Amino acid sequence: MKKRIILLILGFAYIGLFTLLLLLLMRIIVLGDTASRWSVLVGATVVGIPWAAVLKLYTRLQESTEPKEDFHVGVESHAAFEILMKGYGLTNRESEIAWLLYRGYTNRQIGEELFIAETTVKKHVSHIYEKMQVSGRKEFRAKVNEHPP
């Protein structure tokens with residue numbers, strides 16, 4: 001949740017700085033004397049540096065909210081996955097968390113996605129592992145892939 005708010009703030013900062021930068025650069029074209037052009041160019045540089053920093057922070061933060069690895073999803077659909085998880089006796093919430101686990105999300109990313117605490121995610125993950133009789137993410141993914149619905 002905090003990351004989404006920060007992304008929103010960075011997005012507005014990006015738009016504001018970009019607009020200011022464009023206005024300053026447009027003044028260079030309009031102004032006739034060289035001294036004024038240099039002052040506007042310096043102003044554009046002063047605005048351009050924070051603009052680039054905001055863009056860098058935004059993209060870095062955006063990348064950190066996505067799964068780090070691109071796992072191949074062997075189960076055809078989310079619905080098929082849900083049916084498979086019901087066979088192991090998982091609750092609806094555990095099934096939801098298992099889907100994100102299967103897709104490669106970290107505990108923190110799952111918590112942010114579902115608006116729950118990371119410790120709650122850890123508890124659900126341990127219940128999922130118990131019910132499926134696995135000891136980790138790789139084993140969990142392998143078990144799901146070997147028993148398609």
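Note that the structure is a prediction, hence the values are computed from the model and not measured. If you read the sequence from its start, that first residue is 1, and numbering goes on from there.
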For a quick test of reading the model, state the closest non-hydrogen atom pair linking [X] to [Y] and the distance between them.
| X | Y | value |
| --- | --- | --- |
| M85 | F140 | SD-CE1, 4.5 Å |
| Y105 | R137 | O-NH1, 2.9 Å |
| A98 | L90 | CB-CD2, 4.0 Å |

**OP:** Could you check if a side-chain atom of E139 sits within less than 4.5 angstrom of a side-chain atom of M132, using non-hydrogen atoms only?
**Re:**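 No, too far: nothing below the 4.5 Å cut-off.
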
Subject >> Any side-chain heavy-atom pair of V121 and L114 under 4.5 Å >> reply: no

Which distance, rounded to the nearest 0.5 Å, do you find between the [atom1] of [X] and the [atom2] of [Y]?
| X | Y | atom1 | atom2 | result |
| --- | --- | --- | --- | --- |
| N107 | L101 | CG | CG | 6.5 Å |
| S95 | F81 | OG | CZ | 6.0 Å |
| H127 | I97 | NE2 | CD1 | 10.5 Å |
| Q109 | E118 | CD | CD | 10.0 Å |
| E96 | T91 | CD | OG1 | 9.5 Å |

Subject >> Side chain E146, main chain K143, donor-acceptor under 3.5 Å >> reply: no

Original post:
Does the T120 side chain pair with the main chain of I116, one donor and one acceptor, at a distance under 3.5 Å?
Top reply: no

Original post:
Does a sphere of radius 6.0 Å around CZ in R93 hold more than 12 heavy atoms from other residues, nucleotides or ligands, not counting ones at 6.0 Å or beyond?
Top reply: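 Counting other residues, nucleotides and ligands, CZ of R93 exceeds 12 neighbours.
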
**OP:** Answer yes or no: does atom NZ of K86 have more than 12 heavy-atom neighbours from other residues, nucleotides or ligands under 6.0 Å?
**Re:**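 More than 12 heavy atoms, drawn from other residues, nucleotides or ligands, come within 6.0 Å of this atom.
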
Subject >> With K131 via salt bridge (charged side-chain N to carboxylate O under 4.0 Å, His left out) - residues at least two apart >> reply: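 Salt bridge (charged side-chain N to carboxylate O under 4.0 Å, His left out) check on K131 returns E94.
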
Original post:
Under the side-chain contact (heavy atoms from CB on, under 4.5 Å) criterion, do H124 and I110 qualify, and how do the steps go?
Top reply: CA-CA 11 Å; H124 282 300; I110 293 170; over 6 Å; no

